[in-house]
Amino acid sequence: MDPRALKEGIVSGRLDADALSAGFADLHAPLTDHEALVAADRCYFCHDAPCITACPTDIDIPLFIRQIATGTPEAAAKTILTQNIMGGMCARVCPTETLCEQACVREKAEGEPVQIGRLQRYATDTLMAQGVHPFSRAASTGKRIAVVGAGPAGLSCAHRLAMHGHDVVVFDARPKAGGLNEYGIAAYKSTEDFAAREVDWLLQIGGIEIRNNMALGRDVTMADLQSEYDAVFLGMGLGGVNALTAPGADKEGVLDAVDFIADLRQTTDLGSLPVGRDVVVIGGGMTAVDAAVQSKLLGALNVTIVYRRGRDRMNASVWEQELAAAKGVRIITNASPVAVHGNGAVREIEFEFTDDDLNPTEQTFRLAADQVFKAIGQTLTGDDLPDLDGRKIAVTGPGRTSVKGVWAGGDCAAGGEDLTVTAVAEGRDAAEDIHAALMRA
Ligand SMILES: Cc1cc2nc3c(=O)[nH]c(=O)nc-3n(C[C@H](O)[C@H](O)[C@H](O)COP(=O)(O)OP(=O)(O)OC[C@H]3O[C@@H](n4cnc5c(N)ncnc54)[C@H](O)[C@@H]3O)c2cc1C
Ligand code: SF4
């Protein structure tokens, strides 16, 4: 075995450049023209197609597949993008195995769905490669709308508003637009700088100004936005992370998974990123799987996900769990962290087995760990926000908040799953409602 893999501690350069680029290559290679035709041919073009109902953005899936089958992928792309302006990213990151492809009648009949996600990518990539933006703006309405957050929710909202002829200013706290598409999604799902390319393509509609490094609550206030703009859309996602309460959680080497993933997404040299030899990830969602798989791909020797409930309660889909296992990640369930051990830096982490109701069993075990990633959920941050429902912004209908003239959508809003596609749908629907409200006024 390569001695670099065995080195204790958090170090860079565990793998050579070839191994890194092979590991981080596109998870699903794009379909060729011929493969797309063959895949499209499997669709029954169902009446009342269950795949449409299962799609949070209601894409007319049989229609776009038929357009591919008849050799017009550009028309297919327009069908997709009309409903979901980030159809390119969603084709890469949607858990299709729990959405459209799970609902596909061929999945039910044969255990082999039509490859809807890959066909969607084929269509949208074809159009985007031509640099074509198939939408144009309506005549100017003279209305100005502030959008907070340039993630999927904010950008989807901004695009739909711009199409209706409004002028949109998007404020984002980070230096780059895209939200978690840019800073969170696993690197092997969004290769070749796709997130940034999609933002540039989306902005071709015109009428959208993005102001980066501008945070609500720091550089601009809600009162500023309400007085200067005709409406406000909040799409700031979940900026905080839940804390690990086990004693010793402040030791060196205990890190937030989302920060590790953001560094990974932003680096131009994966070989320079340090990773532990023995990595433990605490959590059961996509963030946990992504942190674990990417640690392994950086060359960590032992990577273990530990989740406090049973596998069936994990937020990561079965497909993602299998992906982690295929990459050599071990998953331990029904165990909660009780202490982090080490002298300054973490050396071991101790867990106690729990039952499904999280009752302790007094049975403990320890795992060697020189790096621990916390992936135990994100939280809404910020003051001066509309009323909350639990820990998120309360909304009714298409994103209306408790404050007149203020809408919200995506991860920061209550209800709905925390998925890219849901954020896009909520941004779009709020934009339609904002448009209707402004045109009535
Ligand atoms: C590690 C990870 C992996 C994921 N993988 C997947 C996946 O594979 N598939 C999937 O469907 N979903 C995935 N998700 C979930 C998905 O990324 C989110 O549901 C989606 O990005 C939510 O979009 P959003 O626009 O609501 O928020 P975000 O994408 O979080 O965007 C919010 C934006 O608001 C900005 N912002 C925050 N606070 C402020 C402020 N005060 N002022 C101004 N701007 C602010 C942020 O900088 C950010 O750009 C993943 C999430 C994580 C964390
Ligand atoms: S359910 Fe499957 S076969 Fe039917 S229209 Fe949708 S993709 Fe095609």
Side-chain angles (χ1 to χ4, degrees), residues 27 39-40 42-56 60-66 86 89-90 92-96 99-101 103-109 113-116 119 147-157 170-186 189-190 211-220 234-241 257-258 260-262 264-265 285-291 294 315-317 320 375 377-378 380-383 385 408-413 416-424 426-427:
L27 190 58
R42 290 191 65 237
C43 179
Y44 292 142
F45 309 116
C46 309
H47 181 65
D48 287 335
C51 53
I52 304 181
T53 318
C55 172
D60 191 336
I61 292 166
L63 174 60
F64 95 68
I65 294 181
R66 189 183 292 277
M86 304 193 106
M89 182 57 87
C90 288
R92 289 161 166 79
V93 307
C94 260
T96 49
L99 299 170
C100 54
E101 291 181 13
C104 175
V105 296
R106 295 206 73 154
E107 165 65 20
K108 298 227 179 326
V114 174
Q115 294 182 66
I116 301 169
L119 285 165
V147 168
V148 180
L155 289 172
S156 157
C157 181
V170 184
F171 297 86
D172 198 288
R174 296 237 201 199
K176 288 189 194 171
L180 289 170
N181 285 358
E182 175 62 43
Y183 291 97
I185 294 294
K189 290 186 187 169
S190 172
R211 296 191 192 159
N212 288 113
N213 300 309
M214 289 288 287
L216 176 66
R218 185 188 67 198
D219 308 300
V220 63
L234 300 175
M236 77 275 272
L238 301 172
V241 283
V258 283
F260 166 69
I261 291 168
L264 205 141
R265 285 295 309 276
M286 279 187 191
T287 306
V289 168
D290 287 358
Q294 291 179 112
N315 271 339
S317 68
E320 283 161 339
Q378 286 135 265
L380 178 64
T381 54
D383 309 315
L385 295 173
D411 285 2
C412 70
E417 290 189 77
D418 290 349
L419 293 175
T420 310
V421 66
T422 314
V424 173
E426 291 175 5

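Counting begins at 1 with the first residue of the sequence. Numbering of ligands and ligand atoms starts at 1, following listing order.
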Minimum-distance protein heavy atom relative to [atom]:
atom: atom 35 (C) of ligand 1; result: Asp172 OD2, 3.2 Å
atom: atom 27 (O) of ligand 1; result: Gly237 CA, 3.5 Å
atom: atom 14 (N) of ligand 1; result: Met286 SD, 4.0 Å

Between [X] and ligand 1, which part of the residue brings a heavy atom under 4.0 Å of the ligand: side chain, backbone, both or neither?
X: Glu182; answer: neither
X: Met214; answer: backbone
X: Pro152; answer: both
X: Asp290; answer: side chain
X: Val148; answer: side chain

Nearest candidate to atom 32 (C) of ligand 1, where distance is taken over non-hydrogen atoms, out of Gly149, Gly382, Ala186, Gly235: Gly235
Using distance alone, determine whether [X] and ligand 1 share an N or O pair under 3.5 Å.
X: Cys412; answer: no
X: Ala153; answer: yes
X: Gly154; answer: no
X: Ala173; answer: yes
X: Thr420; answer: yes
X: Leu180; answer: yes
X: Asp411; answer: yes

Proximity flag Gly217 to ligand 1, non-hydrogen atoms under 4.0 Å: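 Not so, Gly217 does not reach ligand 1.
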Side-chain donor or acceptor of Asp172 paired with backbone N/O of Ala150 under 3.5 Å: yes
SB check Glu320 Lys189 (cutoff 4.0 Å): yes
Protein N/O/S count near atom 2 (Fe) of ligand 2 (criterion: distance under 2.8 Å):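 Total protein N/O/S atoms under 2.8 Å from atom 2 (Fe) of ligand 2: 1.
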